[in-house]
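Have a look at the structure below before the remarks.
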Amino acid sequence: MSAAEKPVVTRFAPSPTGYLHIGGARTALFNWLYARGRKGTFLLRIEDTDRERSTPEATAAILKGLTWLGLDWDGEVVSQFARKDRHAEVAHEMLARGTAYRCFSTQAEIEAFREAEKARGVSYPVFLSPWRDADPASHPDAPYVIRMKAPRTGETVIDDRVQGRVVIQNATLDDMIVLRSDGTPTYMLAVVVDDHDMGVTHVIRGDDHLNNAARQQMVYNAMGWEIPVWAHIPLIHGPDGKKLSKRHGATGLEEYQALGYPAAAMRNYLARLGWSHGDAEFFSDAEAKAWFDLDGIGRSAARLDFKKLENLSGQHIAATPDAELLPEIEAFLEASGQPALSQVQKTTLAKGLHALKERAKTFPDLIEKARFALVSRPVDIDAAAAKTLDPVFRGILTELTQGLQDASWTRETLEGIVSRVAGEHGVGLGKIAGSLRAALSGRTVSPSVFDMMLALGQEETLARLKDATA
RNA sequence: GGCCCGUUCGUCUAUCGGUUAGGACACCAGGUUUUCAACCUGGGAAGAGGGGUUCGACUCCCCUACGGGCUGCCA
């Protein structure tokens, strides 16, 4: 059974040298969707073999980011560093099989070689170790690295599900080091050993690894292991088409959380970046899992488009049931360091949510629009709103207040009363709504006045009206 | 420098030799409306350039340009 026929096992393997990059998040999403849509397994491995740059904080940030994005992994998180003995073991097995050899060339010698070659005009100096076929009896008692005995001629073909058939001339590749002189494994060895041991069937990763795949495939061959299905996906660029960097603002996943995009919207947006399923733009996780396929992945780099993310965000907020939305809003408040909602605020917000979510694009946007429900009396009325509360309209509002005193608190009744009062005074509904809006929210921009009255309740509504007309 | 990958509206993309090159976001105009949004209708907007192959190329091949990646005892 080939890797393509076995139960799917994918993995996300970030190196813990910083926050979870938006590009990495998408790679994780693709792996997750592929596995989850096929009843497969999605594993997580932290590539922490670079002891200089790896930090526990970065690992924690990555796990936190994935958790927020809703990408759950199976089993324990694997630490690549913890598996170093296994890596060394494989390197020595390669030695025993004759597919690797000890190389005693020093870094200084190799550097000197490269310099000399370049000076001679050789543009791609391939270091050929003199120890490749040396008699072990001639080995000095000195530090050495273990190099893979790579084929010198012919070509290595990467059969990639996204990039197609990619051919690399073996002559352009040197004998890569699999085990350093200090006995630690290099990345090229570690990934292969780990992917093999973890049973990974599909390697879905950024195309910055496309060239590496050729050398890694050689390790699979050297060990007689089955080659996984390769799928090298294009990278994500900033809005300007250039490589993603700090300068573009939001490059870390946690920044998107702080910006107030729902995780569901993030998954939807990221999935559409480089992948498509016909004309599907707005979809659920269930649909994404059912539709996601390697064939739908594009071959060119995509740019980040915050406008589209925002639009999708608004659609997801509107589509989320109130009962699920409220906890998400509270989580956002906490994540962005804002004060938690009081019981009263929560109750009022919950009642107005159905109307608010239709008009908000992000959580901060929703909070802003929910201002009327979050402030307490006396409501602060800004200058523009105060203009609508002139003596004439205050009189009308006073009358309206009386009319609302014993009203049954339903939309129909409220609309009836407000238009009746408007009619009696010969003013348009718009004018009276403006004053009402000012009294209830203190602003000239707010949700529908009826939605506000319903969310606020009779008691609070009347109290705010009395405050404004006093 | 070398090797590898890529190039359809401003952006994300559909198209898998024959379409008036479709959709979405954004933008513009109009409509609706108690404000703002939302919503509805309409509009402008694309195959990098040049050679082939073919009855016919956005689709296949080559070259150029541009963009990206790799080229470590980093991952």
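To find a chain, count down the sequence lines: A is the first, B the second, and so on, and within it residues start at 1. Both backbone and side-chain heavy atoms feed into the values below; hydrogens, waters and symmetry mates do not. What you are looking at is a predicted structure, and each value in this text was computed from that prediction instead of being measured.
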Checklist entry - Does A:Arg371 CZ have over 12 foreign heavy atoms under 6.0 Å away? => result yes
Next on the checklist: Less than 4.0 angstrom between a side-chain N/O of A:Ser276 and OP1 or OP2 of B:A14, yes or no?
Outcome noted: yes
Item to check | A:His354 NE2 - B:A38 P separation (whole Å) | outcome: 19 Å
Checklist entry - Between A:Trp291 and A:Phe283, what is the ring plane arrangement, given parallel below 30°, perpendicular above 60°, and tilted in between? => result perpendicular
Item to check | Nucleic acid contacts of residues 361-369 of chain A, taken as heavy-atom distances under 4.0 Å to RNA chain B | outcome: A:Lys361
Checklist entry - What is the distance from CZ of A:Arg161 to P of B:C5, rounded to the nearest Å? => result 18 Å
Item to check | Carboxylate-amine/guanidinium proximity below 4.0 Å for A:Arg411 and A:Asp451 | outcome: yes
Checklist entry - Is the A:His209-A:Tyr187 ring centre distance short of 6.0 angstrom? => result yes
Next on the checklist: Between A:Ser446 and A:Arg437, is there a side-chain donor-acceptor contact under 3.5 Å, judged purely by atom types and distance?
Outcome noted: yes
Checklist entry - Considering every strand shown, what is the Watson-Crick or G-U wobble mate of B:A46 when both distances are under 3.5 Å? => result none
Next on the checklist: With a cut-off of less than 4.0 Å, is there a side-chain N or O of A:Arg114 near OP1 or OP2 of B:U71?
Outcome noted: no
Checklist outcome for this item: Output for pair (A:Leu270 CG, A:Leu304 CG), nearest 0.5 Å, gives 8.0 Å
Item to check | Complementary nucleotide of B:A38, counting Watson-Crick and G-U pairs under 3.5 Å | outcome: none
Next on the checklist: Less than 3.5 Å apart, any donor N or O on the side chain of A:Tyr101 or A:Asp175 sitting next to an acceptor on the other?
Outcome noted: yes
Checklist outcome for this item: Across every strand shown, the nucleotide meeting Watson-Crick or G-U wobble geometry with B:U20 (both distances under 3.5 Å) is none
Checklist entry - So which nucleotide does B:G67 pair with, by the Watson-Crick or G-U wobble rule with both distances under 3.5 Å? => result B:C5
Checklist entry - In residues 99-113 of chain A, what residues come within less than 4.0 Å of RNA chain B, judged by heavy atoms? => result A:Ser105, A:Gln107
Item to check | Any A:Thr172 side-chain nitrogen or oxygen under 4.0 Å from OP1 or OP2 of B:G2 | outcome: no
Next on the checklist: Tell me every residue that passes side chain to side chain contact (heavy atoms under 4.5 Å, CB included) with A:Glu368, counting only those two or more places apart in sequence or in another chain.
Outcome noted: none
Checklist entry - In terms of side-chain geometry, is the basic nitrogen of A:Arg272 or A:Asp305 positioned less than 4.0 Å from the acidic oxygen of its partner? => result no
Checklist entry - Does B:C58 have a Watson-Crick or wobble partner in any strand here, with both distances under 3.5 angstrom, and which is it? => result none
